[in-house]
Amino acid sequence: MIQAGGKRWWVACALLVAALVVAPAKAQSPDEQLAAASALFDAKKYAEAAERLEAFVAKQTKHERFGAAALALGRCYTELKQYPRAVTAYEKAVASRDTAVFSLAQLGLGEAAYQARQYSKAAEALDAALQSRLRPEQAAVAGLWLGESRLQLEQWPAAEAAYQRLILEHPRAEGIDAAWFGSGLAALRQGKKDLGRQRLEDLLKRFPQSADRLQARLLLAQTDMEDTRWREARTQLETLLADAGANKQPEVRRIADEALVRCLLELEDFPAAARRLEATLAALPATDATRFRVHLSLGHCRYR
């Protein structure tokens with residue numbers, strides 16, 4: 001649903017890694033380990049950098065640059081998409097209480113935990129990160145991850161609050177359309193139908209190219225169907241199915257197809273329902289278990 005993390009917030013992390021470089025005192029010294037890891041990080045050789053940083057973090061727990069090294073290690077694992085290992089590294093950076101890296105470590109922990117689907121841990125870290133002085137682009141992406149984490153936890157009021165804060169404070173942020181969608185969905189899940197509808201309709205008006213537009217139309221249609229507003233639901237579903245993007249989201253298209261047939265049956269537009277059922281049958285494999293149910297519905301339409 002939401003593609004969080006478009007901003008390269010971790011530029012500040014890269015600067016901290018660069019700051020690890022010091023003149024090596026002697027071969028194999030901790031400072032030389034950090035200098036070598038920094039050079040590898042700058043060259044985007046994250047696996048090699050992670051190996052050196054792991055060795056440093058495991059042994060040099062009292063070193064003055066331990067927190068920065070753990071932060072860099074977390075970034076390496078994030079770049080390698082090894083998110084559970086990134087979570088562990090960022091937790092060490094947070095535990096170091098190094099004020100120079102603390103807020104970035106919380107932000108990195110939130111990202112890694114979110115990507116690892118550890119949503120409770122992500123939400124806790126992102127809440128902490130947002131209480132610090134983040135750059136606007138960092139605060140925006142943290143707010144987006146926080147809203148999505150709360151949404152995944154089905155903490156609807158908290159999710160809505162996170163999204164609304166993002167919309168108010170960073171209205172032009174990358175991915176802000178996802179915040180409008182999430183805010184609308186969270187409102188609907190709390191039974192605030194009018195507010196949820198309004199936010200989803202605003203999304204469609206403000207961001208016609210949003211990746212969430214199909215899901216928004218489907219939610220609007222389903223809400224209308226719950227309220228027996230069959231004509232309004234039909235309009236939403238027909239618009240959704242006419243969208244070229246619907247072919248790229250087959251599950252959404254399947255649900256919309258079924259919902260539209262129900263709307264047509266409720267409206268007693270049996271010819272239109274029959275045409276949609278015929279098209280559905282033509283697309284279904286011969287062994288598909290749902291063919292029997294579609295045949296029954298089609299027979300009903302033809303009878304009527």
Side-chain angles (χ1 to χ4, degrees), residues 1-7 9 78 81 83-84 86-87 90 106-131 134 137-207 209-226 236 240 245 249 251-252 255-256 259:
M1 179 178 72
I2 296 174
Q3 299 295 320
K7 292 288 186 183
W9 65 266
T78 299
K81 302 188 186 306
Y83 298 115
V87 167
Y90 284 127
Q106 291 282 21
L107 182 56
L109 175 57
E111 177 191 11
Y114 170 75
Q115 297 292 357
R117 300 184 180 182
Q118 299 176 18
Y119 298 117
S120 293
K121 187 173 290 187
E124 182 180 352
L126 292 165
D127 267 330
L130 285 166
Q131 292 172 22
L134 297 176
E137 65 273 15
Q138 294 170 340
V141 76
L144 197 56
W145 284 324
L146 177 58
E148 180 66 2
S149 295
R150 296 295 187 192
L151 205 68
Q152 293 293 336
L153 293 167
E154 299 185 359
Q155 297 173 350
W156 311 122
E160 182 183 11
Y163 286 128
Q164 284 301 111
R165 176 181 175 181
L166 177 58
I167 290 168
L168 290 173
E169 295 182 359
H170 306 281
R172 292 183 174 82
E174 182 179 347
I176 196 65
D177 57 314
W180 280 91
F181 176 82
S183 180
L185 174 58
L188 289 177
R189 292 294 183 264
Q190 295 173 77
K192 299 188 286 189
K193 289 187 177 182
D194 290 342
L195 183 58
R197 274 198 185 101
Q198 186 59 57
R199 288 173 180 169
L200 293 175
E201 288 169 356
D202 285 344
L203 164 69
L204 294 171
K205 292 175 184 176
R206 291 168 179 261
F207 310 99
Q209 302 304 315
S210 171
D212 291 316
R213 67 187 184 279
L214 299 180
Q215 287 280 4
R217 287 202 184 278
L218 183 58
L219 276 173
L220 285 168
Q222 290 171 332
T223 304
D224 285 334
M225 290 172 71
E226 289 174 5
Q236 290 289 357
L240 187 163
Q249 298 187 36
E251 183 60 17
V252 172
I255 295 170

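Here, residue 1 is the first one in the sequence, and each next residue gets the next number.
With rounding to the nearest 0.5 Å, the separation of OH in Tyr83 from CZ in Arg117 is 11.5 Å. Considering CG of Leu144 and OH of Tyr163, their distance stands at 6.5 Å, rounded to 0.5 Å. Atom CZ of residue Arg217 and atom CD of residue Glu201 lie 9.5 Å apart, to the nearest 0.5 angstrom. Rounded to the nearest 0.5 Å, atoms CG (Leu214) and CD1 (Ile255) are 11.5 Å apart. With rounding to the nearest 0.5 Å, the separation of CG in Leu126 from CD in Glu124 is 10.5 Å. Atom CG of residue Asp177 and atom CG of residue Leu204 lie 11.0 Å apart, to the nearest 0.5 angstrom.
Residues Arg165 and Leu146 are not in side-chain contact: their nearest non-hydrogen atoms beyond the backbone lie 4.5 Å or more apart. With a 4.5 Å cut-off on side-chain heavy atoms, Pro171 and Ile176 do not count as touching. Between Gln222 and Leu218, the closest side-chain pair of non-hydrogen atoms falls below 4.5 Å.
In this structure, a donor-acceptor pair under 3.5 Å is absent between the side chains of Asp194 and Gln198. With no hydrogens or angles considered, a side-chain donor-acceptor pair links Glu148 and Gln152 at under 3.5 Å.
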Side chain to side chain donor-acceptor pair (under 3.5 Å), that's the test. Do Asp127 and Gln131 meet it? Break it down for me. CA-CA 7 Å; Asp127 267 330; Gln131 292 172 22; 5.6 Å; no
**Worked check of side chain to side chain contact (heavy atoms under 4.5 Å, CB included) between Trp145 and Leu107** = CA-CA 10 Å; Trp145 284 324; Leu107 182 56; 4.0 Å; yes
message = I'd like to know whether Val141 forms a side chain to side chain contact (heavy atoms under 4.5 Å, CB included) with Glu174, so could you lay out the CA-CA distance, the side-chain angles of the two residues, the decisive distance to 0.1 Å, and finally the verdict.
response = CA-CA 8 Å; Val141 76; Glu174 182 179 347; over 6 Å; no
Report, one line per pair, each donor and acceptor closer than 3.5 Å where one atom sits in a side chain of residues 179-189; sequence neighbours left out.
residue	atom	partner	partner atom	Å
Ser183	OG	Gln164	OE1	2.7
Ser183	OG	Arg199	NE	3.4
Ser183	OG	Arg199	NH1	2.9

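Shortest non-hydrogen contact noted between Ala122 and Gly110 is CB-O, 3.6 Å. Between Ser149 and Tyr114 the shortest heavy-atom distance is OG-CD1, 3.5 Å. Considering all non-hydrogen atoms of both residues, Pro157 and Gln190 come closest at CG-OE1, 3.5 Å. Closest approach of Leu203 to Ser210, counting heavy atoms only: CD1-OG, 3.9 Å. In plain terms, the two heavy atoms of Leu240 and Ala256 that are nearest each other are CD2-CB, 3.9 Å.
Partner Leu200 forms a side chain to side chain contact (heavy atoms under 4.5 Å, CB included) with one of Leu195, Thr223, Leu220 and no other, that one being Leu220.
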